Every structure is written in C-alpha cells, then in structure tokens.
Amino acid sequence: MNLILMGAPGAGKGTQSAKISEKYNIPAVSTGDMLRSAVKAGTELGLSAKGYMDSGKLVPDDVVVGIIKEYLSTEACKNGFILDGFPRTIPQAEALEAMGVKIDVVLSIEVPDEKIIARMSGRRVCTCGASYHVEYIKPQVDGVCDKCGSKLYIRDDDCAETVANRLKTYHAQTEPLKDFYAERGILVTVEGQEEVSDTTALVLETLDKAQA
Ligand code: AMP
C-alpha cells in the first residue's frame, strides 16, 4: 500500500503512522523528521530549512521534493510506504504524480484547531522520531523515550506563536490537497478521538476498508 497521511500539525500523524507501519509492515517517512535531523546535524539542508521551520512556514517545494524523490527510489519502499507530512502543497502533489508514483490511499486525520493548540503545548518528542504527550501518551519513565532511552524534548516549533502560524499555513496551503485527492477518488477521513488507541482503531479499520 502506498499511503499519504494528512492532517494538521499535531493531529497525530506521526503516532498513527507508526501504528500503520507496524500493522502493514511498510516503512513510514516523515519529511519533518528528516528536516529536523538535518537541522540537528547542521548540514546545508538543515541550515536552509531551520528559519522556515522555526517560524511555522513551509520549506520550499523543490527542497522537500528532492528529499522524497531520493527516499522513494530506495529498496525499502518497493512494497509500499507511508508519507507523513508530504505532500503539503499542490505543487508537491503534482511533483509526486510527475515522478510516476501511484498513491492508493490518502488518509486525513481531522482535529479541530482548539484541540490541536491544547495538544501541542504538551507534546514531547525524541530524536528517534517517537512522540509523547504529558497527559495523553506518557512514557514509562517521565521525560525518557520508551524506545531508545534518550531524553525527551519540546520541539522548537511547538511554541504558541509558531503553532498558530503552522495552523494558518496548514489551512491555506495543505488543506486544498483534500479536494485534489478527493477528485482522484482516493481520499478517506478519520475524526481524531480523545484516546489515541480509539483513533488508531478507526484508522486501521478505515484503511482495511479502503484496501478491500
Ligand atoms: P512536521 O514535523 O511534519 O510538522 O514538520 C515540521 C516542519 O517541517 C513544518 O512546519 C515545515 O516547516 C517543514 N516541513 C515538513 N514537511 C514539509 C513539506 N512536505 N513541505 C514543506 N515543509 C515541510
């Protein structure tokens, strides 16, 4: 299955993408995680992306399209993949089509802005890509990643002002992709639930149906 996971920042794409990856045994790639790694490593890509990310703006299309093109050409993707956070603009979606990549399902996780704002203030993440929440998804040991034991941290772009900008960017530039994929008959939506496990159950059920 070739899947695109959509949803506002903080809708739970990363968390659900890990569950889907486990169930369907396909790799998940997050352009956000790749860009954060590049920022941390201080590469040229990271240096050019940081300013956009810290202010809640999108990194230019050609940069992320290049990253995804390289990733999709790897052996890991030959039996399917999950794209988490890509495409985020119509030109990115058009670039994906121009690469000849066939997408089977686009799943959008819907969460109202007020809930997103409340959630993001409690988000804690790990460099390994795992994501937690101080109330909803607590790690076993406070502040420590269950998966790799590293110290959890607050993302630079989870501050209130940047969250507001990221939501604005999402509605203006990314949400139109729902119509783009609905026109192609491959969009499915799921309402994000209070409990993460309830959202996961809905997501997996919806994907099973979409696959049938
Ligand atoms: P995320 O972790 O998916 O919320 O991404 C964090 C930040 O990385 C975003 O706010 C953007 O600045 C940047 N980013 C991630 N994916 C993309 C993309 N597909 N296009 C442009 N910018 C992106």
Side-chain angles (χ1 to χ4, degrees), residues 2-18 20-21 28-41 43-72 81-99 101 103 106-111 113 115-117 119-133 137 152-178 180-181 192:
N2 295 348
L3 171 74
I4 290 172
L5 211 48
M6 272 188 71
K13 297 188 297 295
T15 306
Q16 298 306 329
S17 131
I20 301 166
S21 170
V29 63
S30 149
T31 37
D33 281 349
M34 282 176 157
L35 291 167
R36 274 184 292 281
S37 301
V39 169
K40 199 156 181 246
T43 63
E44 207 176 304
L45 166 68
L47 292 175
S48 67
K50 189 170 177 1
Y52 297 102
M53 295 171 79
D54 285 351
S55 58
K57 292 195 185 120
L58 293 181
V59 171
D61 289 334
D62 55 338
V63 175
V64 278
V65 167
I67 298 178
I68 283 293
K69 199 170 188 174
E70 197 179 317
Y71 179 76
L72 292 179
F81 53 79
I82 304 162
L83 298 180
D84 161 6
F86 181 95
R88 254 174 153 106
T89 64
I90 301 274
Q92 290 179 20
E94 287 170 345
L96 198 58
E97 286 189 340
M99 284 176 218
V101 176
I103 298 299
V106 177
L107 182 122
S108 175
I109 304 175
E110 307 287 323
V111 178
D113 285 6
K115 281 200 183 154
I116 296 271
I117 291 166
R119 276 186 194 180
M120 282 167 97
S121 59
R123 179 153 73 173
R124 300 291 179 270
V125 296
C126 178
T127 43
C128 78
S131 183
Y132 302 86
H133 190 278
I137 322 172
L152 301 178
Y153 65 95
I154 302 173
R155 271 170 51 168
D156 287 347
D157 56 355
D158 276 351
C159 74
E161 193 190 338
T162 307
V163 168
N165 282 336
R166 290 168 72 198
L167 281 170
K168 233 189 252 170
T169 304
Y170 173 76
H171 292 304
Q173 292 183 264
T174 308
E175 220 168 12
L177 282 175
K178 287 202 274 182
F180 181 94
Y181 287 117

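Whatever order the structure lists them in is the order used to number ligands and atoms, beginning at 1. Fair warning: this is a prediction, and the values are worked out from it, not measured in the lab.
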Inset, instruction - Considering the heavy atoms of Thr31, write down every atom of ligand 1 situated less than 4.0 Å from one of them. - result: 15 (C), 16 (N), 17 (C), 19 (N)

Inset, instruction - State whether the shortest distance between N or O atoms of Gly85 and N or O atoms of ligand 1 falls below 3.5 angstrom. - result: yes

Inset, instruction - Examine the proximity of ligand 1 to Leu35 and report which part, side chain or backbone, both or neither, has a heavy atom under 4.0 Å away. - result: side chain

Inset, instruction - Begin from the C-alpha positions of Ile68 and Gln92 and carry the test side chain to side chain contact (heavy atoms under 4.5 Å, CB included) through to its verdict. - result: CA-CA 10 Å; Ile68 283 293; Gln92 290 179 20; over 6 Å; no

Legend entry - Contact partition for Arg36 relative to ligand 1, non-hydrogen atoms under 4.0 Å: side chain

Legend entry - Value rounded to 0.5 Å, distance of CE in Met120 from NE2 in His133: 10.0 Å

Inset, instruction - State plainly whether the residues Asp156 and Arg36 are in salt-bridge range, i.e. N to O under 4.0 Å. - result: no

Inset, instruction - Considering only NZ, NE, NH1 and NH2 on the basic side and carboxylate oxygens on the acidic side, decide whether Arg123 and Asp157 come within less than 4.0 Å. - result: no

Inset, instruction - Go through ligand 1 atom by atom and flag the ones less than 4.0 Å from a non-hydrogen atom of Gln92. - result: 18 (C), 19 (N), 20 (N), 21 (C)

Inset, instruction - Heavy-atom distances under 4.0 Å are what count here, so tell me which part of Val64 touches ligand 1: side chain, backbone, both or neither. - result: side chain

Inset, instruction - Using a strict 4.0 Å cut-off to heavy atoms of Arg166, name the atoms of ligand 1 that fall inside it. - result: 4 (O), 10 (O)

Inset, instruction - Answer yes or no: is there a side-chain heavy-atom contact under 4.5 Å between Leu45 and Val63? - result: yes

Legend entry - Whether Arg155 lies under 4.0 Å from ligand 1, heavy atom: yes

Legend entry - Taking every non-hydrogen atom, the tightest pair across Ala93 and Leu177: CB-CD2, 3.6 Å

Legend entry - Distance from atom 22 (N) of ligand 1 to nearest protein heavy atom, with residue and atom: Val59 N, 3.0 Å

Legend entry - For Lys57, the ligand 1 atoms whose distance to one of its heavy atoms is below 4.0 Å: 11 (C), 12 (O)

Legend entry - For the student: nearest non-hydrogen atoms of Leu5 and Lys13, plus distance: CD2-O, 3.3 Å

Inset, instruction - Apply side chain to side chain contact (heavy atoms under 4.5 Å, CB included) to Met34 and Glu70, showing your working. - result: CA-CA 12 Å; Met34 282 176 157; Glu70 197 179 317; over 6 Å; no

Legend entry - Nearest option to atom 3 (O) of ligand 1, as decided by whichever heavy atom of Met53, Arg88, Lys13 sits closest: Arg88

